[in-house]
Number of protein chains: 2
Amino acid sequence: MYEVFFSKFNEKVQLSESEEYAVKQFLTPKKLRKRQYLLQEGDICKTVAFIEKGAMRSYIVDSNGQEHIFSFALEGWAIGDLSSFLTEQISTQNIDALENCELVLISKYAHDQMLISVPKYATFFRILMTEAYIALQKRTLSIISMSLDDRYKSFIDQYPDIVQRVPQHMIASHMGLSPETLSRIRSRIGKSQ
Amino acid sequence: MYEVFFSKFNEKVQLSESEEYAVKQFLTPKKLRKRQYLLQEGDICKTVAFIEKGAMRSYIVDSNGQEHIFSFALEGWAIGDLSSFLTEQISTQNIDALENCELVLISKYAHDQMLISVPKYATFFRILMTEAYIALQKRTLSIISMSLDDRYKSFIDQYPDIVQRVPQHMIASHMGLSPETLSRIRSRIGKSQ
DNA sequence: GGTTTATCTTGACCAAAATCAATAGAATTT
DNA sequence: AAATTCTATTGATTTTGGTCAAGATAAACC
């Protein structure tokens, strides 16, 4: 149990047996069926979810009722509304399962406790946070500086597994485009993948 | 010296006198004249800069030679190419001063040392990192889901000081727009500010 | 197995932003 | 003080992506 989680953890910060045991006490397993919600807007994000198996997404709904996907997450990734989780304010995001999922949940209480009592958790969290920031920075740079064709090419290059497992119109939504436009981009660049 | 830096630090994590002294040993003051570079693309980002006074920006240049501003930073903010800083790979970003600046520099060596020897620095860095991520997430959400008018309104609302101190065409660049389009947005919404 | 629903593509048309160009006022430089 | 550079606005035109609509295929559901 928790194989993917601890393999990721040990890849970033090496844990001893006893440390691993200590962390384990704070974790909760959870299964989610496809289309089930982990978080709905208006609620407070009470847990961060680490994905052992499956695929999830987070999205917001704008004033016209249109969905906009903020992020995808596959095995080995974490998902949650960090802003709501840390401040305990209500969230504007929705998070649901794109496939049946096996998750490892970390509650706010568990998170706060581990930050205090398991120094390596603080390190692990800092590293994940930094990596997430760098990835988001890269995405922002590509939005403000690249052509749509290049943005899509770089996306399939960086996340081929997402392209394979997620419907195309959701990738369009993630890029801030209409499905029709993404379809035309693909035909322009030769439907690679 | 370092007033703004330590006031920010203590706001996030309270330091004792001796801890403050320990941190001080790792800091380097630096003044930059307007238009001077802190980092040029092709170089490795060797320091993170904390701004005591002045204004800076980071930007990338695309394949057509066009500049795209990634971020602004004023007093109390930090700036640097985190990806290059942490991995010690060459940077694609340029960082320069928009006004004469007084900076506090933290080198990679100082950063690594403090992470090990000053636990509260690790906490401080984790908190800054988390806040930066949340801000960038908010920006990304606004890009994929809001109208340009609303994005600009929310920008002047959130960063009135930047709007006042930075030329309009740079704000257009930061939003990924042409200067003409931003000018037209302003005339549409009534030139607020 | 057959129906319904989801997904993707393509075309026609429309709306929005980019580009090109000209102007004018501010701010810097010399 | 004059000249130069930077900045912002406005108009005309072009380009790009969005919207609407129809059709085709594939997948999920009963």
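Side chains are part of it too, since the values below use all heavy atoms of this structure and drop only hydrogens, waters and symmetry mates. Each chain gets a letter, A, B and so on, in the order the sequences are listed, and its residues count up from 1.
In this model, a side-chain donor or acceptor of A:E180 finds a partner on the base of D:dC20 within 3.5 Å.
Within the 3.5 Å criterion, the main-chain N or O of A:Q14 finds a donor-acceptor partner in the side chain of A:K120. Judged by distance alone, the side chain of A:T47 and the main-chain N or O of A:A49 form no donor-acceptor pair under 3.5 Å.
Computed from coordinates, the B:I185 CD1 to C:dA15 P distance equals 19 Å when rounded to whole Å. Whole-Å rounding puts the A:L98 CG to C:dT7 P distance at 10 Å. The distance from atom CD of A:Q66 to atom P of D:dC20 is 10 Å, rounded to the nearest whole Å. One atom, CD of A:E67, and another, C1' of C:dT7, lie 15 Å apart when rounded to the nearest Å. We find that CZ of A:R35 is positioned 11 Å from C1' of D:dA27, with the value rounded to whole Å. Distance CZ (A:R188) to P (C:dG11): 14 Å, rounded to an integer number of Å. As a whole-Å value, the separation of A:I171 CD1 from C:dC8 P is 8 Å. The CG atom of A:L182 sits 16 Å away from the C1' atom of D:dT19 (whole-angstrom rounding).
For A:R186, the side-chain atoms get nearest to C:dT9 when compared with the rest of C:dT9, D:dT9, D:dG17. Of the candidates C:dT10, C:dA17, D:dG17, the closest approach to any side-chain atom of A:S183 belongs to C:dT10. Checked against C:dA18, C:dT28, C:dT7, the side chain of A:P167 finds its nearest nucleotide in C:dT7. Listed nucleotides D:dG11, D:dG17, C:dA18 differ in distance to B:R184; the shortest reach to its side chain belongs to D:dG11. Checking C:dC8, D:dG17, C:dA18 against the side-chain heavy atoms of A:L177 singles out D:dG17 as nearest.
Taking only side-chain nitrogens and oxygens, A:T181 comes nearer than 4.0 Å to OP1 or OP2 of D:dG18. In this structure, B:H169 reaches the D:dA8 phosphate: one of its side-chain N or O atoms is under 4.0 Å from OP1 or OP2. For D:dC6, neither phosphate oxygen OP1 nor OP2 lies less than 4.0 angstrom from any side-chain nitrogen or oxygen of B:Q168.
By the 30° and 60° cut-offs, the orientation of the rings of B:F5 relative to B:F9 is perpendicular.
Evaluated for a salt bridge (charged side-chain N to carboxylate O under 4.0 Å, His left out) with A:E131, the options A:R126, A:K8, A:K12 yield exactly one hit, A:K12.
Of the residues near DNA chain C, B:G176 and A:M170, the one whose nearest nucleotide (by heavy atom distance) lies more toward the 5' end is A:M170.
Salt-bridge annotation for A:D149 and A:K153: absent, with no side-chain N of the basic residue lying under 4.0 Å from a carboxylate O of the acidic one.
When heavy atoms are screened at a 4.0 angstrom cut-off, B:L148 is found touching the sugar-phosphate backbone but no base atom.
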